[in-house]
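Data block below; observations after.
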Amino acid sequence: MAKIRGAVVVDVEACKGCSVCVVACPSQVLDLAKEVNGKGYNYSYMKNPEACIGCENCAIVCPDGVITVYKVKVA
Amino acid sequence: MAEITLKDIIKEENLVYKRSKIMTNKTLSYCPGCGHGTAHQIIAHTIQDMGIQEQTIGVSPVGCSVLMYDFLDLDIQQAAHGRAPAVATAIKRLMPDKFVFTYQGDGDLAAIGTAETIHACNRGENITIVFINNGIYGMTGGQMAPTTLAGMPTSTSPYGRDTSMMGNPLKITELLAMLPGTYYVTRQAVHTPRAVRQTKKAIRKAFENQKLNRGVSFVEIVSNCNSGWKLPPVKANEWMVENMFPFYPLGDMKVDGELVNK
């Protein structure tokens with residue numbers, strides 16, 4: 001069975017750390033970082049990148065559109 | 001099998017989702033987790049998918065989304081408080097081949113702009129109205145709005161809305177569905193991925209309907225106002241599901257000019 005691997009890229013400086021994406025992720029990939037960005041928000045990052053399936057859920061609920069999603073099929 | 005690294009995945013050819021080109025690079029002025037941002041992304045993606053950026057004219061309201069013209073790379077006219085449907089009427093009548101939409105909050109559409117909204121819907125203007133309902137005046141500091149739920153605390157009703165003194169919450173979307181001028185009336189939300197996908201379908205339909213020239217397409221989006229509700233974003237969404245949705249149930253009210261029986 002083909003496996004799907006995904007990855008997200010968060011625009012760290014534009015992220016406002018609302019954590020809506022963290023809740024929306026079905027495979028618990030995302031979490032808020034302990035560090036803050038230039039505005040003082042704890043930005044979102046891939047805590048568990050192996051689990052990402054590239055489902056876009058985090059990106060479509062992101063109010064600020066800071067998430068870009070990539071997906072690849074692994075044979 | 002060789003281990004696949006993030007570098008192998010993050011390549012242009014594997015891209016599946018990115019911010020719409022119609023969104024400008026400006027940082028949205030909304031609070032973290034605000035549904036306005038999600039609604040903007042949906043509208044931008046819909047317009048991009050339809051390829052109608054050049055033919056779309058938006059009307060921005062007064063409220064948190066007053067700066068919409070800064071965030072969407074479209075032709076946008078800012079209207080006086082509540083008068084967006086009237087301005088959109090004029091634009092659409094002068095340029096009937098353009099896609100015209102208004103984007104309004106509940107303080108704009110359901111309070112000061114009630115008359116304009118009802119009359120534009122009753123005349124059956126061929127426009128799309130996107131209505132963001134968070135049950136509060138968000139921009140000015142969380143005052144009670146006509147859509148505020150019974151018992152809901154706000155800065156001007158700190159002990160909760162007392163309906164015997166302050167009146168009942170207004171279900172304006174149900175009211176508009178009764179008017180013969182509306183062609184498509186629906187209520188959606190943007191708090192979960194599923195809700196966002198459904199809202200996107202609804203907004204797409206609302207824009208497509210303008211090609212038919214049958215009347216107003218009205219999309220209400222029940223949204224959060226975490227600053228006004230004094231809750232963190234995720235908690236605000238949970239509060240919305242528990243309290244807003246029983247009073248403002250999601251779903252289509254009128255499709256293709258026919259009321260949906262529930």
Side-chain angles (χ1 to χ4, degrees), chain A residues 2-27 29-32 36-75, chain B residues 1-45 71-72 189-200 223-224 226-227 232-238:
Chain A
K3 204 177 158 223
I4 288 175
R5 282 287 307 271
V8 303
V9 176
V10 178
D11 182 349
V12 169
E13 283 309 311
C15 178
K16 292 180 185 165
C18 66
S19 78
V20 171
C21 56
V22 177
V23 181
C25 179
S27 38
V29 173
L30 297 164
D31 202 357
L32 294 190
V36 294
N37 62 13
K39 291 193 199 107
Y41 293 120
N42 295 87
Y43 54 88
S44 172
Y45 79 113
M46 281 210 287
K47 189 188 186 185
N48 185 16
E50 287 79 36
C52 181
I53 51 169
C55 67
E56 307 175 26
N57 278 5
C58 54
I60 64 169
V61 293
C62 177
D64 295 275
V66 303
I67 302 179
T68 310
V69 186
Y70 298 88
K71 186 158 84 171
V72 67
K73 259 189 194 162
V74 188
Chain B
M1 193 182 79
E3 197 53 42
I4 188 160
T5 62
L6 282 181
K7 242 186 192 163
D8 299 323
I9 306 172
I10 301 169
K11 282 182 187 160
E12 199 55 39
E13 65 263 30
N14 298 333
L15 182 84
V16 285
Y17 183 95
K18 75 185 272 211
R19 187 184 166 102
S20 167
K21 278 181 228 142
I22 292 173
M23 295 298 292
T24 60
N25 289 329
K26 233 176 159 161
T27 306
L28 298 181
S29 57
Y30 307 120
C31 306
C34 178
H36 268 305
T38 322
H40 278 27
Q41 309 291 344
I42 296 171
I43 291 172
H45 271 287
F71 309 136
L72 293 172
V190 288
H191 64 304
T192 60
R194 183 166 175 262
V196 170
R197 290 190 171 101
Q198 283 186 342
T199 307
K200 196 173 173 195
S223 176
N224 58 7
N226 32 64
S227 298
V234 174
K235 285 262 166 10
N237 280 341
E238 285 165 9

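Chain A is the first sequence line, chain B the second, and so forth, proteins listed ahead of strands; every chain is numbered from 1.
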**OP:** Can you see which heavy atom on A/Ser19 is nearest to which on B/Val234, and at what distance?
**Re:** OG-CG2, 3.3 Å
Original post:
Given the options B/Arg19, B/Arg194, B/His40, B/Glu13, which has more heavy-atom pairs under 4.5 Å with chain A than any of the others?
Top reply: B/Arg19
Original post:
So does A/Lys39 have more than 12 non-hydrogen atoms from other groups sitting under 6.0 Å from NZ?
Top reply: yes
Original post:
In Å, rounded to the nearest 0.5 Å, how long is the span from CD of A/Glu50 to CG of B/Leu6?
Top reply: 7.5 Å
**OP:** Please determine, among A/Ala14, A/Cys18, A/Pro63, the option with the most heavy-atom pairs under 4.5 Å with chain B.
**Re:** A/Pro63
Original post:
With respect to chain A, which residue among B/Cys31, B/Ala195, B/Pro32, B/Gly35 yields the maximal number of heavy-atom pairs within a distance under 4.5 Å?
Top reply: B/Pro32
Original post:
Which of the residues A/Thr68, A/Val66, A/Asn57 is involved in the greatest number of heavy-atom pairs with chain B at under 4.5 angstrom?
Top reply: A/Asn57
**OP:** Side chain from CB out, backbone as N, CA, C, O: work out which of these in B/Lys11 comes under 4.5 Å of a heavy atom of chain A, or both, or neither.
**Re:** backbone
Original post:
So do B/Thr27 and A/Glu13 actually touch side chain to side chain, heavy atoms under 4.5 Å?
Top reply: no
**OP:** Return the option, out of A/Ile60, A/Ile67, A/Val72, with the maximum number of heavy-atom pairs under 4.5 Å with chain B.
**Re:** A/Ile60
Original post:
Which is it for B/Asp8 and A/Arg5 under the side-chain contact (heavy atoms from CB on, under 4.5 Å) test, yes or no, and what are the steps along the way?
Top reply: CA-CA 10 Å; B/Asp8 299 323; A/Arg5 282 287 307 271; over 6 Å; no
Subject >> Residue, of B/His36, B/Gln41, B/Lys18, that accumulates the most heavy atom pairs under 4.5 Å with chain A >> reply: B/Gln41
Original post:
Where on A/Cys15 is there a heavy atom nearer than 4.5 Å to chain B: the side chain, the backbone, both, or neither?
Top reply: neither
Original post:
Where on B/Thr192 is there a heavy atom nearer than 4.5 Å to chain A: the side chain, the backbone, both, or neither?
Top reply: backbone
**OP:** Give the minimum heavy-atom separation between A/Tyr70 and B/Ile9, together with the two atoms involved.
**Re:** CB-O, 3.5 Å
**OP:** Using the side chain to side chain contact (heavy atoms under 4.5 Å, CB included) rule, pick out the option among A/Val23, A/Val61, A/Val20 that qualifies with B/Asn237.
**Re:** A/Val20
